[in-house]
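For this chain, numbers begin at 1 and follow the sequence in order.
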Amino acid sequence: MSRGRSDGSQKKRIVASICVVTVFIGLLYVYGGSIFGSQTSGSSALEYGKSLRKLGSSYLGADDDNDDKQDDSSSGFGQVDEDDNIVPKSFPVCDDRHSELIPCLDRHLIYQLRMKLDLSVMEHYERHCPPAERRYNCLIPPPAGYKVPVKWPKSRDEVWKANIPHTHLAHEKSDQNWMVEKGEKIAFPGGGTHFHYGADKYIASMANMLNFSNNNLNNEGRLRTVLDVGCGVASFGGYLLSSDIITMSLAPNDVHQNQIQFALERGIPAYLGVLGTKRLPYPSRSFELAHCSRCRIDWLQRDGILLLELDRVLRPGGYFAYSSPEAYAQDEENLRIWKEMSDLVGRMCWRIASKKEQTVIWQKPLTNDCYKKREPGTRPPLCQSDADPDAVFGVNMEVCITPYSEHDNKAKGSGLAPWPARLTSPPPRLADFGYSNEMFEKDSELWRERVDKYWSLMSKKIKSDTIRNIMDMKANMGSFGAALKDKDVWVMNVVPQDGPNTLKVIYDRGLIGATHDWCEAFSTYPRTYDLLHAWTVLSDVAKKDCSPEDLLIEMDRVLRPTGFVIFRDKQPMIDFVKKYLTALHWEAVATADSGSDSVQDSDEVVFIIQKKLWLTSGSFRDTE
């Protein structure tokens, strides 16, 4: 009896187990199918990490070609045609609230990761890049009503309001003529916090203070590169361009949000950065003039470390123009600050070149003589002799004075030719890399030929004013940018941080740029460059533990709608890019080999694409 009852109960348990398993499989089929299907349909606009093989939701106007059998090249970039993985025919589109995303300057990321940063030294405005699992691998949508930007030189004075829909600065700075709303546009009268009546008059007054001929601040070509700290909307740098002076306008993404975005939309060179704890991404002795007009920086903090960073990037005999209440106000607090600043710069061997009304201009010494005459133990000390003043990417600032090398000390100056001759004259610092004058001249000629070919390939797509803001993603000696001298453009010359630090040669040619790591996002807003030049950049990234797919997404973020990318790379990498054209909503413009090059890299291929203008259904507006 007991055996019979036991067997019957066991059968019941077996039947019950079979029923549970059957129900579970049914639920898995119903719900699991939708889960896995969502991975390929891309219903979520946000994808994390490097999982770009997942198909994303189509944006408005995306092609519906049957590309499901395209190959992916994520596992072997030297053999991209041998992989069988699926390349997405569309990437997901980021939510509209990310239309101005700057991945490495994202304050939301800082809050989410609960980073412990020292706000008093501006660490929260420095670069903090997301880990791989938190990257927004989606296409950045333009804002509602986005229009193709106003062309240069008209853009210096007005931009479309829809492209940067932020007008708080127009109200906050209305008494200072920073910017003014005018219907569908925002106008820039050329004012600033300390030059309400126009940057042009302010610039002329500075030249007059220094007794430069014709009140021209370029000093007959001897003053060419300028660093404007806390630049606002960059009107100072914008008005210097007519004097053949190029300015690196620098400001953080702070309470005056979008000031650098406005600058770049205007077609004025600018970079998102801050004087915080890290060195600026520029080599030593890069600028003839540093400028601060009411930049609200505490120059006395941390034993003067921020002034010492300016000293590092200033050339021998370079100037620091400072317009601020401390230079002229007579109240107790400003007098105290002036006294302490005067003492600090005195110990740094700066002298007052001129002081008038609201502005003081200090000058850095030409040689080490003054440093040698200081009393023992004087602070700030000289930097250690083995310290590299040109190591900048992620390097902490130091409380020390960068002395000149023995060669520079004897030269009593930078030894540079006046502009424009310095663009084509071999600079003295070529010798730091073992480069000869002949190598420099051949490189310059080679890139002149290449640029002529590029423009010929794009001739049916561009006019004289189509392109304004250009980035050379691997600039080497800057010869690509130098070859564009006669075009109405400017170039951000980027030198990869893990290669030869040739950025100082670029600055010595009278050009500007920054050091960067292309495994990370660049410090700029979306939609800020008309043309990117990528010479073997993808090949370089593929050799490292980085994602070329991520780099393509980043290039798309930086590129303006209707903008161009010129890829110059090995054939496998060009094939790799071609597989992503549909997903990125890019279209091929031209392809050419390098057979005409008189150099050994003739196996490189030129491939030019143009980014289409697309809008999400939520942001669609008439763009005419």
What distance separates Ile268 CD1 from Asn469 CG, expressed to the nearest 0.5 Å? 9.5 Å
Considering only heavy atoms from C-beta outward, does the side chain of Met348 approach that of Trp362 to under 4.5 Å? no
For Lys364 and Asp311, indicate whether the former's side chain and the latter's backbone hold a donor-acceptor pair under 3.5 Å. yes
Under a 4.5 Å cut-off applied to non-hydrogen side-chain atoms, are Val451 and Phe480 in contact? yes
Side chains of Tyr282 and Val392: does their closest heavy-atom pair fall under 4.5 Å? no
Using every non-hydrogen atom in the two residues, find where Gly267 and Arg468 come nearest and quote the distance to one decimal. O-NE, 2.9 Å
Can you tell me how far the CE atom of Met555 sits from the CG atom of Leu532, to the nearest 0.5 Å? 5.0 Å
Which atom pair, heavy atoms only, marks the closest approach of Leu531 to Leu559? N-CD1, 4.2 Å
State plainly whether the residues Glu449 and Lys453 are in salt-bridge range, i.e. N to O under 4.0 Å. no
Given 3.5 Å as the limit, does a donor-acceptor pair link the side chain of Thr502 with the main chain of Val505, or not? no
Could you tell me whether Lys544 and Asp517 make a salt bridge, using a distance below 4.0 angstrom between a side-chain N and a carboxylate O? yes
If every non-hydrogen atom of Ser284 is compared with every non-hydrogen atom of Asp390, which pair is closest and at what distance? OG-OD1, 2.6 Å
May I ask you to check whether Tyr454 and His533 place their ring centres under 6.0 Å from each other? yes
Gln301 side chain to Asp298 side chain, donor-acceptor N/O pair below 3.5 angstrom: no
Student check: side-chain heavy atoms of Cys292 and Trp299 closer than 4.5 Å: yes
One should read off an interatomic distance between Thr528 OG1 and Phe522 CZ, to the nearest 0.5 angstrom, of 8.5 Å
Under the criterion salt bridge (Lys or Arg N to Asp or Glu O under 4.0 Å), I'd like the reasoning laid out for Glu520 against Arg127: C-alpha separation, chi angles, the key distance, then a yes or no. CA-CA 10 Å; Glu520 302 176 357; Arg127 289 174 56 84; 2.9 Å; yes
Assess, by modelled atom type and distance only, whether the side chains of Glu604 and Trp535 contain a donor and an acceptor separated by less than 3.5 Å. yes
Verify side chain to side chain contact (heavy atoms under 4.5 Å, CB included) between Glu288 and Arg222, making sure each step is shown before the conclusion. CA-CA 8 Å; Glu288 275 92 21; Arg222 288 186 285 272; over 6 Å; no
Do the rings of Phe236 and His291 sit parallel, tilted or perpendicular, given the 30° and 60° boundaries? parallel
Is any side-chain heavy atom of Leu289 closer than 4.5 Å to a side-chain heavy atom of Phe320? no
Would Arg285 and Leu416 count as a side chain to side chain contact (heavy atoms under 4.5 Å, CB included) here? Give the steps. CA-CA 12 Å; Arg285 309 197 308 278; Leu416 300 177; over 6 Å; no
Taking side chain as C-beta onward, heavy atoms only, is Arg450 less than 4.5 Å from Arg568? yes
In sequence, state the C-alpha distance, the side-chain angles, and the governing distance for Tyr435 and Asp443, and then conclude on side chain to side chain donor-acceptor pair (under 3.5 Å). CA-CA 11 Å; Tyr435 296 163; Asp443 187 71; over 6 Å; no
Start with the C-alpha distance between Met397 and Leu308, add both sets of side-chain angles, then the distance that settles side chain to side chain contact (heavy atoms under 4.5 Å, CB included), and finish with yes or no. CA-CA 9 Å; Met397 295 180 189; Leu308 290 164; over 6 Å; no
Mark yes or no for whether Asn437, through its side chain, and Pro426, through its backbone, hold a donor-acceptor pair below 3.5 Å. no
For Ser539, does its backbone N or O pair with a side-chain atom of Thr536 as donor and acceptor, under 3.5 Å? no
Tell me, do Phe212 and Leu217 make a side-chain contact under 4.5 Å, heavy atoms counted? yes
So, for Ala475 and Ile506, which heavy atoms are closest and what is the spacing to 0.1 Å? CB-CD1, 3.7 Å
Is the shortest heavy-atom distance from the side chain of Asp228 to the side chain of Leu250 under 4.5 Å? no
Checking side-chain polar atoms at under 3.5 Å, does Asn476 have a donor or acceptor matched by the opposite partner on Trp447? no
Check: Gly478 main-chain N/O paired with Asn493 side-chain donor or acceptor under 3.5 Å: no
Separation of Leu240 CG from Ile245 CD1 (nearest 0.5 Å): 5.0 Å
Is it true that the NZ or CZ of Arg156 lies under 6.0 Å from the centre of Tyr239's six-membered ring and within 45 degrees of the ring axis? yes
Output the distance between atom CD1 (Ile401) and atom OG1 (Thr378), rounded to the nearest 0.5 Å. 9.0 Å
Which heavy atom in Tyr371 sits nearest to a heavy atom in Pro403, and how many Å separate them? CE1-CA, 4.3 Å
Indicate whether the side chain of Arg509 and that of Ser479 have a donor and an acceptor atom separated by less than 3.5 Å. yes
With a 3.5 Å distance limit and no angle check, can you tell me whether Arg224 reaches the backbone of Trp419 through a side-chain donor-acceptor pair? no
Does Asp508 come within less than 4.0 Å of Arg422, counting only side-chain N to carboxylate O? no
Ring centroid separation Tyr319 to Trp350 under 6.0 Å: no
Charged N-O contact under 4.0 Å between Lys442 and Glu445: no
Using a 3.5 Å distance criterion without hydrogens, assess whether the side chain of Gln363 forms a donor-acceptor pair with backbone atoms of Gly317. yes
Test item: Arg448 side-chain N/O and Ala482 main-chain N/O as donor-acceptor pair under 3.5 Å: no
Could you check whether Glu549 and Ser547, counting side-chain N and O atoms only, form a donor-acceptor pair closer than 3.5 Å? yes
Does the ring centre of Trp490 sit less than 6.0 Å away from the ring centre of Tyr529? yes
Give me the atom names and distance for the closest heavy-atom approach of Ile246 to Gly510. CG2-O, 3.7 Å
Flag the pair Arg527 and Glu100 as a salt bridge only when some basic side-chain nitrogen lies within less than 4.0 angstrom of an acidic carboxylate oxygen. no
I'd like to know if the side chain of Glu123 and the backbone of Asp118 have a donor-acceptor N/O pair within less than 3.5 Å. yes
Polar side-chain atom of Glu126 near backbone of Lys278 as donor-acceptor pair, under 3.5 Å: yes
How long is the gap from CG on Asp244 to CD on Glu220, to the nearest 0.5 Å? 13.0 Å
The test is side chain to side chain contact (heavy atoms under 4.5 Å, CB included); show your working for Phe576 and Leu552 and say whether it passes. CA-CA 11 Å; Phe576 169 74; Leu552 290 178; 3.8 Å; yes
